[in-house]
Amino acid sequence: MSQSNWHILPQPDSKKVQVLVDQLNIAAFTAGILVQRGIDTPEQALAFLRPNVNQLHSPFEFHDMDVAVERIQTAAFGGEKIAVYGDYDLDGMTSTTIMVEALEILGADVTAYIPNRFQDGYGPNIDRYRDLIANGTQLIITVDNGVSGNAAIEYAQEQGVDVIITDHHALPATLPPACAIIHPRHPQGAYPFPDLSGAGVAFKVAQALLNEDQPVVSWEDLPVDFLDLVALGEIADMVSLAGENRTLVAQGLKQLSMSPRPGIQALLKAAKHASQEPVTAETVAFKIAPRLNAVGRIADAQLGVDLLCSDDLEQAKKLATQVEALNDQRREIVEEVFAASKQIALQDDFKDQGVLIIAGQGWHQGILGIVASRLVDLLEKPVVVLSEVDGIYKGSGRSFGDFDLHQFMSQYQDLYLNFGGHAGALGLSVDSAQFADLQKQVAQGSRNLKLVKVPVAVTAILKTTTLTTDLYQQLLILEPFGVDNPQPVFEFDQPRVLAKTTMGATQQHLKLKLPGLQQPIEAVGFNHPDWVQALEKQPLDSFIASLGINYFRGQENLQLLLSDIAVQDPHTTTQSGNHKVLFARVYKFVIQHQDLNFAQNIGNVAGQLNLTVVQVKLVLQVFVELDFVTIQTGFVIVNHTADKKPLSASPSYRKYLQNN
C-alpha cells in the first residue's frame with residue numbers, strides 16, 4: 001500500500017497520437033494508450049484493433065500434427081474406442097469439451113475422463129490409464145496435460161495403446177514415448193506462436209481434423225463453434241493475450257456475448273450477469289472462471305464438462321445451479337481457511353521471515369492456492385499454505401513480486417515427497433516427520449531476503465470529475481485485456497471522499513463514494529481489509545484504479561476498481577499541508593508533458609498545477625540538482641535511470657524547508 005511502486009508511464013508522442021486519430025477515426029484517449037504501448041503506426045493499430053483470421057497460423061505448422069491427424073482419423077473411422085484424458089481446471093474442461101465435440105463430429109466412439117484432483121492428481125495417472133485400457137480404450141488423447149507423464153504413457157504404449165499428447169505446459173528434459181506430441185514449444189517444431197493454452201492447442205487439433213489444410217479466408221472456414229471455449233480456457237489460464245491468442249479470444253468473446261451455449265447462458269444468469277452487459281475478459285476472469293474452477297477444487301470437474309457440453313437449456317440451468325452451490329461452498333471454505341491461516345501468519349514468530357510456511361489440520365486442499373494468494377496480498381511476501389491429512393502435508397505456494405519462489409524452495413527438495421511448479425506458483429507435499437525441519441530451514445534461509453514489488457504501470461493521472469461512460473467505451477475497443485495487454489490503470493490524486501463504507505461477511509471490501517461529473521462515482525476494492533484499517537487511521541491521499549461499469553437493476557453506472565491506495569503521511573506536513581505532495585504533483589506533470597516547452601508556458605503550467613511560477617521553478621531546480629531531470633532549450637527531460645535520492649539531498653530543497 002504505497003506509491004513507491006506506482007510507475008507513471010511516459011506520455012505518448014502527440015504527433016503519433018494525432019496520426020492514429022486522423023487515419024483510424026478513434027478517440028485521442030484510446031490512441032494515446034496505443035502509442036504508449038508501442039503500437040504507434042496505423043498498420044500496427046489496425047491489426048491490433050481488428051484481429052482477423054489472417055493472423056492465425058496453420059495447425060500443420062505444429063510438429064507431429066500430420067501424424068496425430070492420421071492416427072485420430074484412423075481411430076474415428078475405424079470405430080476404435082477413444083478416451084480424451086483432460087484436467088480439472090477450466091482450461092482442462094474447455095480443452096476436453098473441444099476435443100470430444102470435434103471427435104463426435106467425425107462420428108468417433110469417444111468418452112471423456114477428467115481426473116479427480118484428490119484421487120488422481122494432475123496429469124497422466126498410471127492406475128487410471130490401466131482402467132481405461134481394461135475397459136477397451138484403443139487410443140488415448142491428452143488435453144492440457146501429458147507432456148510430463150512419461151511412466152503412464154510408456155505403460156500405455158507397451159500395452160499397444162497409442163497416446164497422442166496435446167499440451168502447453170513446461171517441457172521435461174525427456175519427452176514421453178507418445179505416438180505424437182502436439183505442443184507449441186516442441187523442441188523439434190517451429191510453431192510461430194508459443195503461448196497457446198490447452199484449449200488453444202485442442203482447437204488447433206480440431207481445426208486440423210475438421211478442415212484439414214484447407215485455406216482459411218473467413219471465420220466460416222474454421223470450427224467456430226469452439227471459439228467460445230477457447231476464450232474461456234485461455235483467459236482462465238492467464239496465457240498471453242497478444243498475437244494469435246488475441247485473435248482467437250476476441251472472436252470467442254463476441255460469440256459468448258451474441259450466442260452463448262446453453263451452459264454458459266445458464267451460468268451467467270446464475271452469476272447475476274445483466275442481460276445488457278457484454279461478456280468481456282473481465283467477465284470470464286471474475287464470474288465464469290471462478291465458478292467452473294470451483295467445481296474441480298471442491299468436487300468432480302466432470303460436472304463442468306457436462307455443463308459446457310449441454311445443448312438443453314433446462315438441463316443446463318440445473319447443472320449451473322449445482323455449480324453455483326459449489327462456488328458458494330468454495331467461498332465459505334476459503335474465508336474459513338483464510339481467517340485461520342491469517343491468524344497464524346500474523347504471529348510474531350513469522351514477522352522477520354521472507355517466505356512463510358503456514359500449515360493447518362484438515363484444511364481443504366482444493367482452495368489452498370487461493371488462500372496463499374490472499375495472504376501474499378496481505379503480507380507482501382511469498383507464502384506456502386499446507387494442510388495435514390493422514391500424516392502428509394500437501395499444499396500450494398504463491399510468490400510476491402518477481403521473486404522466484406520455485407527456485408528458492410527447490411533447495412529443500414530432499415525434504416519433499418512431491419514438488420513442482422514455476423517462479424510464481426508451486427505445489428508440494430512433505431511427510432509430517434520432515435515438516436518442522438522444512439519450516440526451520442525456510443525461516444533461516446529467507447530471513448534476509450530483499451523482496452521488491454513489481455511496479456504498477458500507471459497510464460495517466462485523471463480526476464474523478466472528468467470521467468464519463470463514453471471514456472469507458474473508448475477503452476473497450478482495446479479488449480480483450482489480460483497478460484501482455486493489461487487493463488489501463490489510472491492515478492487519482494487527493495480525491496474528495498464523500499462517503500466510505502465496507503462490505504462483505506468480515507467487512508473485508510472497501511467502497512468509496514467520490515465526486516463525479518454529474519453524479520457521485522463509486523470506487524470499490526475487494527479483499528483488502530488492510531485498506532479498510534488504514535483509512536480508519538489516516539485520510540486518503542491517492543489511489544490507482546481501472547475503469548468499469550456497474551450494471552444494477554437495469555442501470556449502468558461508471559465504477560472504479562481499486563488497484564492500490566495511499567494514505568496521507570501525518571509526519572510530513574507544513575503550513576500548506578504535505579509539502580512532498582507539491583513535488584510529487586510537479587514531477588507527475590513533467591512526466592506527462594515531455595513534449596511541452598516549460599520555458600514558454602511556465603505561467604500556464606503553474607495555473608494548471610494551482611501553484612505560483614516561483615514554486616514551479618523551485619521544484620524544477622530541486623529536480624535538476626538531484627539529476628531527476630535535465631532542462632534542454634526549455635524542455636524538461638525526465639531521467640528514468642536516475643538513482644533514488646531523498647529530496648533533502650538538494651541544497652535548494654533544504655533552503656525551502658528552512659523558509660517554510
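Excluded from the calculations below are hydrogen atoms, water molecules and symmetry mates; all remaining heavy atoms, backbone and side chain alike, are included.
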Between [X] and [Y], do the side chains contain an N or O donor and an N or O acceptor separated by less than 3.5 Å?
X      : Y      : result
Asn293 : Arg330 : no
Ser197 : Glu234 : yes
Asp404 : His406 : no
Thr280 : Thr283 : yes

Backbone N/O of [Y] and side chain of [X]: donor-acceptor pair under 3.5 Å:
X      : Y      : value
His509 : Asn527 : yes
Ser387 : Trp363 : yes
Asn145 : Gly86  : yes
Asp352 : Arg447 : no
Thr94  : Leu232 : no
Asn485 : Pro480 : yes

Shortest non-hydrogen separation from [X] to [Y] and the atoms involved:
X      : Y      : value
Gln302 : Ile114 : OE1-CG1, 3.6 Å
Val205 : Thr166 : CG2-CG2, 3.9 Å
Pro488 : Ser546 : O-CB, 3.5 Å
Ala345 : Leu375 : CB-CD2, 4.4 Å
Ser240 : Asp195 : CB-OD2, 3.8 Å
His168 : Asp91  : NE2-OD2, 3.4 Å

Nearest-0.5 Å distance that lies between atom [atom1] in [X] and atom [atom2] in [Y]:
X      : Y      : atom1 : atom2 : result
Leu346 : Leu379 : CG    : CG    : 6.0 Å
His528 : Thr502 : NE2   : OG1   : 15.0 Å
Leu405 : Phe400 : CG    : CZ    : 13.0 Å

Would you mind reporting whether [Y] and [X] have side-chain heavy atoms less than 4.5 Å apart?
X      : Y      : answer
Val163 : Pro176 : no
Val384 : Val442 : no
Val489 : Thr459 : no

Looking at [options], which hits side chain to side chain contact (heavy atoms under 4.5 Å, CB included) with [X]?
X      : options                : value
Leu267 : Ile288, Leu308, Asn327 : Ile288
Met99  : Val84, Thr142, Asp144  : Val84
Phe543 : Leu560, Asp493, Asp564 : Leu560

Below 4.0 angstrom, N of the basic side chain to O of the carboxylate: do [X] and [Y] qualify?
X      : Y      : answer
Asp437 : Lys440 : no
Arg374 : Glu335 : yes
Asp89  : Arg297 : no
Arg130 : Asp127 : yes

Notebook entry, point to check: Around atom CG of Asp414, are there more than 12 heavy atoms of other residues, nucleotides or ligands at under 6.0 Å?
Noted result: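 Yes - once you tally the heavy atoms of other residues, nucleotides and ligands closer than 6.0 Å, there are more than 12.
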Notebook entry, point to check: So with a 6.0 Å cut-off around CD of Gln507, is the heavy-atom count from everything else above 12?
Noted result: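 More than 12 within 6.0 Å, yes.
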Which word best sums up how the rings of [X] and [Y] line up, parallel for under 30°, tilted for 30 to 60°, or perpendicular for over 60°?
X      : Y      : result
Tyr122 : His169 : perpendicular
Phe408 : Tyr412 : perpendicular
His63  : His186 : tilted

Check: How about Tyr191 and His183: are their ring centres within less than 6.0 Å of each other?
Finding: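 No.
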Note to self: Among Tyr113, Tyr155, Tyr85, which residue satisfies the ring pair (Phe, Tyr, Trp, His ring centres under 6.0 Å) criterion with Tyr129?
What the structure shows: Tyr85
Next item on the list: Go through the steps to decide whether Leu535 and Leu512 satisfy the test side chain to side chain contact (heavy atoms under 4.5 Å, CB included), and finish with yes or no.
Entry: CA-CA 11 Å; Leu535 289 178; Leu512 305 174; 4.2 Å; yes
